[in-house]
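Below is one structure; the comments refer to it alone.
Everything quoted here is computed from the prediction, not taken from an experiment.
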Amino acid sequence: MGIKLTIDSSEINKEVNRIAGFKLKAQDIVSVAPAIRLLIQEDVDTRFNSAPLTEVGGEVYGGVQWRSLSESYLVQNPRRFGGQILRDTGELQQSLTAEGHPYGVFNATESEIVFGTALVKASRLQRDRPFIFWHPILLEKIANYLVNWVQS
């Protein structure tokens, strides 16, 4: 006597349908965008809250180096001495993290989430000392959230 293998196609069909449901759900990220926004806002807040001192610079949360403010700048702006980089007025951080801020940028479509700020000085500041960027910890948080969302 040999071995008889019976395949129950109903179980395979259930899995195929389940996977198709994941694909359909993952094609439209609009409903998950507010949660992703909160994860990015938390990331930005952590970065600003741990910003290095103006006169020494250093690594910020996420692994990017922010160089110190120049000595000539600190002489011209003595109120900045002893403070934290990019935290003098709070305007930049608030434009990224405060709900409803007039310069806050957030938009979500089926396939894209846009997060940022419309402050004129932001592009120069981002170039000199990146404050919004992908890094392994943020990517892992978002990936874990998305996996849980797709599976729910």
Side-chain angles (χ1 to χ4, degrees), residues 3-69 73 80 82-152:
I3 298 175
K4 183 178 178 183
L5 177 64
T6 304
I7 297 175
D8 181 355
S9 65
S10 66
E11 290 302 313
I12 293 172
N13 288 334
K14 273 197 234 176
E15 286 305 306
V16 166
N17 289 335
R18 189 171 76 95
I19 291 168
F22 288 169
K23 184 178 177 186
L24 285 174
K25 192 171 184 180
Q27 286 176 346
D28 184 2
I29 61 171
V30 172
S31 63
V32 76
I36 292 175
R37 177 186 190 178
L38 290 176
L39 291 172
I40 296 171
Q41 286 175 324
E42 177 184 271
D43 186 79
V44 169
D45 268 339
T46 301
R47 182 163 306 107
F48 277 91
N49 292 337
S50 64
L53 295 176
T54 57
E55 60 274 11
V56 294
E59 186 176 298
V60 295
Y61 176 73
V64 169
Q65 292 289 323
W66 284 0
R67 71 185 190 313
S68 63
L69 300 181
Y73 179 84
R80 294 300 320 275
Q84 291 177 288
I85 296 173
L86 296 183
R87 297 226 28 209
D88 56 332
T89 66
E91 180 183 39
L92 178 61
Q93 181 180 4
Q94 289 172 12
S95 74
L96 292 161
T97 61
E99 196 68 37
H101 192 282
Y103 290 109
V105 174
F106 178 73
N107 188 40
T109 66
E110 292 177 351
S111 60
E112 179 180 67
I113 296 173
V114 177
F115 174 87
T117 177
L119 281 174
V120 174
K121 65 183 177 180
S123 62
R124 177 183 51 81
L125 295 171
Q126 172 72 12
R127 184 186 64 244
D128 294 344
R129 293 175 185 88
F131 50 86
I132 300 177
F133 55 87
W134 294 114
H135 59 91
I137 296 169
L138 177 59
L139 290 171
E140 184 177 351
K141 285 180 180 179
I142 291 173
N144 286 338
Y145 185 86
L146 289 173
V147 165
N148 290 330
W149 173 70
V150 167
Q151 290 178 347
S152 64

| Between Ala51 and Ile85, which heavy-atom pair has the shortest distance, and what is it? | CB-O, 3.4 Å
| note | When rounded to the nearest 0.5 Å, the distance separating CD1 of Ile132 from CG of Leu96 is 4.5 Å
| Closest approach of His101 to Glu91 (non-hydrogen atoms, all atoms of both residues) | NE2-O, 4.4 Å
| request: Look at the side chain of Arg87 and the backbone N and O of Phe48, then say whether any donor-acceptor pair between them is shorter than 3.5 Å. | output: yes
| Check: Glu55 side chain, Gly82 main-chain N or O, donor-acceptor pair, under 3.5 Å | yes
| task | Kindly determine whether Tyr61 and Ile137 satisfy side chain to side chain contact (heavy atoms under 4.5 Å, CB included), including the steps that lead there. | result | CA-CA 10 Å; Tyr61 176 73; Ile137 296 169; 3.2 Å; yes
| task | Could you list all the side-chain hydrogen bond (donor to acceptor under 3.5 Å, both in side chains) pairs where at least one residue sits in residues 122-139, not counting sequence neighbours? | result | Asp43-His135, Arg47-His135
| request: Give the minimum heavy-atom separation between Phe133 and Gly62, together with the two atoms involved. | output: CE1-O, 3.6 Å
| task | Check whether any side-chain N or O of Thr54 sits under 3.5 Å from a backbone N or O of Arg80 as a donor-acceptor pair, and report yes or no. | result | yes
| Between NZ of Lys141 and CG of Leu38, what distance do you get to the nearest 0.5 Å? | 12.0 Å
| Out of curiosity, Ile113 CD1 to Ile40 CD1, how far, rounded to the nearest 0.5 Å? | 6.5 Å
| said: Tell me the closest heavy-atom pair linking Thr97 and Val44, and the distance in Å. | reply: CG2-CG1, 3.9 Å
| CZ-OG1 distance between Phe131 and Thr117, expressed to the nearest 0.5 angstrom | 7.0 Å
| Side chain Trp66, main chain Glu59, donor-acceptor under 3.5 Å | no
| query | Which residues pass the side-chain contact (heavy atoms from CB on, under 4.5 Å) test with Pro34, sequence neighbours left out? | reply | none
| message | Looking at every non-hydrogen atom in both residues, tell me the closest pair between Asn107 and Thr109 and how far apart they are. | response | ND2-CG2, 4.2 Å
| Shortest non-hydrogen separation from Ala108 to Ala33 and the atoms involved | CB-CB, 3.4 Å
| field | Distance (rounded to the nearest 0.5 Å) between Leu146 CG and Leu139 CG | value | 10.5 Å
| query | More than 12 heavy atoms of other residues, nucleotides or ligands under 6.0 Å from OH of Tyr103: is that the case? | reply | no
